[in-house]
Amino acid sequence: MKGKFFIQTYGCQMNVHDTEYMCAILNKAGYAQAQTLKEADIILLNTCAVRQKAEEKVYSFLGRLKAFKKRHPGLIIGVGGCVAQKEGERILKRIPYIDLVFGTHQFFRVAELIEEVKKNGHRICCIDYTYQLEPPCHVFPLSHKMYGRAYLTIMQGCDNFCSYCIVPYVRGRQISRRSENIINEAKRLLDMGIKEIILLGQNVNSYGQDRLEEISFSELLFKINKLPGLKRLRFITSHPKDISPDVIKAFADLDTLCEHIHLPVQSGSDRILKRMGRKYTRSEYLQKIEALRKACPEISITTDLIVGFPGETKKDFKDTISLLQEVEFDAIFAFRYSDRPPAKAVSFPEKVNEQEKAERLSEVLEIQAPITERKNRVKKGRLLEVLLDSYSKRGQQLCGRTRCNRVVNVEGDESLMGHLVEVIIEEVLPHSLKGKVVKILD
Ligand code: SF4
């Protein structure tokens with residue numbers, strides 16, 4: 001064994017999955033995973049730059065590592081992912097005890113870069129865009145924390161350049177993996193006993209549009225649905241402008257496709273949607289919601305919202321509130337706008353002050369809370385299929401998700417992990433459900 005590594009991950013599921021890849025690559029290269037920071041010889045951060053708060057968390061964590069490095073001079077500290085891509089050499093200049101900075105296209109090289117630091121004693125910054133999407137064939141990423149579910153990346157990057165978003169600048173332009181490779185990876189996951197596959201991409205609905213010879217996203221869904229052993233299929237994230245009638249139809253036609261979609265609307269005001277560069281109107285968004293509910297009446301719909309975008313007036317904000325009331329989402333993820341250079345909106349005038357943003361955020365959360373609660377309450381007393389895939393936060397209960405993506409906690413022993421079970425829902429909490437296992441389904 002060459003040493004132990006610890007990876008601290010921030011951000012979205014793409015980052016979580018990139019960390020899974022890094023773990024598999026480092027294991028293969030002879031490193032073991034440390035259970036705690038203290039026992040690590042290598043500490044890596046997989047960072048998120050989407051919101052200012054996420055970036056601040058990274059720097060605060062790095063600050064805590066200063067004393068660590070002093071006590072263990074041989075310790076290697078590396079910063080990877082979106083903040084690394086955005087800041088590059090500046091991180092090495094600003095923080096003298098960082099050894100390695102590696103960008104969003106360098107995850108597959110992590111072991112090689114660590115070896116280089118060790119061998120030459122040089123500090124390294126590597127943030128080139130390689131557009132290499134195929135993982136090294138000798139590693140296979142599976143989370144140690146998820147039973148029965150696995151992520152599968154189908155594409156990287158984004159071409160949309162929404163005016164508030166930093167993703168195209170830190171993840172690069174859209175590039176889709178070959179469908180043949182995706183399907184082979186899905187087959188291997190199923191052979192390993194995985195029951196639920198979650199397809200990942202910044203904008204999965206535009207899958208294949210960067211490759212003339214490729215199939216469309218809906219065709220990919222239809223192909224994966226046919227694979228023997230697959231029980232559940234999900235995907236994140238979708239862009240409302242790109243979700244096609246064929247993908248909507250898939251919710252009616254494909255038995256494995258779970259009854260949940262995350263469809264970020266961001267604002268209910270046409271004026272703000274235009275300034276955000278989202279390329280759809282409120283009414284077009286509502287039409288898609290209607291079509292989804294028609295195709296799949298049981299579908300659960302969640303969304304993202306930004307409040308306090310530059311120029312958002314009280315009237316624009318009211319449009320967002322009325323959209324929430326009209327759609328009645330199952331859950332929302334709402335955020336205050338923050339400038340993310342070099343995104344275009346950084347230069348937009350009429351910035352909304354922080355106090356106003358905080359008030360708007362509280363208001364949307366207040367409006368949504370009873371809607372979410374009511375939608376959860378109807379699940380009480382129902383029998384729902386749950387895939388038990390993790391332990392509850394305090395580790396005393398088993399935890400899983402319904403097909404409509406509700407979190408459910410149950411009592412039970414370890415032998416149930418990774419199983420699809422039928423649960424009777426007995427209690428409804430603000431963010432989860434509680435129930436009892438009635439039978440094992442697989
Ligand atoms: S679609 Fe817009 S919000 Fe989503 S990653 Fe691309 S640029 Fe960012």
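Both ligands and their constituent atoms are indexed starting at 1 by order of listing. Along the sequence shown, residues carry numbers from 1. Here the structure is a predicted model, which is why all the values come from computation and not from measurement.
Residues Phe107 and Thr19 fail the side-chain proximity criterion, which asks for heavy atoms closer than 4.5 Å. Contact of the Glu134 side chain with the Arg177 side chain is registered, since non-hydrogen atoms from C-beta on lie closer than 4.5 Å. The shortest side-chain heavy-atom distance between Leu75 and Ile43 falls under the 4.5 Å cut-off. Lys223 is not listed as a side-chain neighbour of Ser179, based on a closest heavy-atom distance of 4.5 Å or more.
Under the 6.0 Å cut-off for aromatic ring centres, Tyr337 and Tyr164 do not qualify, their centroids lying 6.0 Å or more apart. Centroid-to-centroid, the aromatic rings of His262 and Phe235 stay 6.0 Å apart or farther.
Only the side chain of Tyr164 comes within 4.0 Å of ligand 1, counting heavy atoms alone; its backbone N, CA, C and O stay farther away. The proximity of Asn203 to ligand 1, defined as any non-hydrogen pair under 4.0 Å, does not occur for either the backbone or the side chain. At a 4.0 Å heavy-atom cut-off, ligand 1 does not touch Pro264 at all.
The single protein non-hydrogen atom nearest to atom 1 (S) of ligand 1 is Asn160 ND2, 3.4 Å, given as residue, atom name and distance. Residue, atom and distance of the protein heavy atom nearest to atom 8 (Fe) of ligand 1 are Cys165 SG, 2.3 Å.
Counting atoms of ligand 1 from 1 in the listed order, those under 4.0 Å from a heavy atom of Cys158 are 1 (S), 5 (S), 6 (Fe), 7 (S).
At least one N/O/S atom of Cys162, from backbone or side chain, sits under 2.8 Å from atom 2 (Fe) of ligand 1.
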